[in-house]
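Along the sequence shown, residues are numbered consecutively beginning with 1. The structure presented is a predicted model; accordingly, all values stated were derived computationally and were not measured.
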Amino acid sequence: MDKTELAKLEAYLRRTFANHGISVRARLKKTDSAEVYLADEFIGIIHVDDEDGDRSFNFTMAILDVDLED
């Protein structure tokens, strides 16, 4: 992913979740995925899917059981 695509993904996530604290950052030595942060906290990965001739993106976010505790 290039800088333009990262910026588009970031803008989409910010709009969708109404949160300007979201950032999408390039990964070192990886061009098929990017890291997603909320402020300084890592929250997930976006992977590129180029199969079937259509480009799409998959966002994966793990939620730990300790994160669900009040």
Could you tell me whether Phe59 atom CZ has more than 12 heavy atoms of other residues or ligands within 6.0 Å of it? yes
Gap between atom CG of Asp32 and atom CG of Asp49 - 0.5 Å precision: 10.5 Å
Only counting residues at least two apart or in another chain, list the ones meeting ring pair (Phe, Tyr, Trp, His ring centres under 6.0 Å) with Tyr37. Phe42
Val36 with Met61, same ILVMFWY side-chain cluster at under 4.5 Å: yes
Within the distance-only criterion (no hydrogens, no angle test), does the side chain of Asp52 pair as donor or acceptor with the backbone N or O of Asp54 below 3.5 angstrom? no
Can you name the closest pair of heavy atoms from Ser23 and Ala39 and give their distance? OG-O, 4.5 Å
Hphob cluster co-occupancy, Leu13 + Ile63, side-chain heavy atoms under 4.5 angstrom: yes
Which distance, rounded to the nearest 0.5 Å, do you find between the CD1 of Ile46 and the CG of Leu9? 4.5 Å
Hydrophobic clusters here meaning ILVMFWY residues chained together by side-chain heavy-atom distances under 4.5 Å, can you tell me if Ile45 and Tyr12 are in one? no
Considering all heavy atoms of both residues, which atom of Arg27 and which atom of Ser33 are nearest to each other, and what is their separation? NH1-OG, 2.7 Å
Would one find more than 12 heavy atoms of other residues, nucleotides or ligands at under 6.0 Å from atom CG of Asp50? yes
Report the C-alpha distance between Phe57 and Val48 in whole Å, list the side-chain angles of each, state the deciding distance to 0.1 Å, and finish with yes or no for side chain to side chain contact (heavy atoms under 4.5 Å, CB included). CA-CA 5 Å; Phe57 304 90; Val48 176; 3.8 Å; yes
Any donor-acceptor pair under 3.5 Å from Arg14 side chain to Ile22 backbone: yes
What one should report as the nearest heavy-atom pair of Arg25 and Asp40 is NH2-OD1, 4.1 Å
How many angstroms lie between CZ in Arg15 and NE2 in His20, if you round to the nearest 0.5 Å? 10.0 Å
Any non-hydrogen side-chain atom of Val24 less than 4.5 Å from a side-chain atom of Met1? no
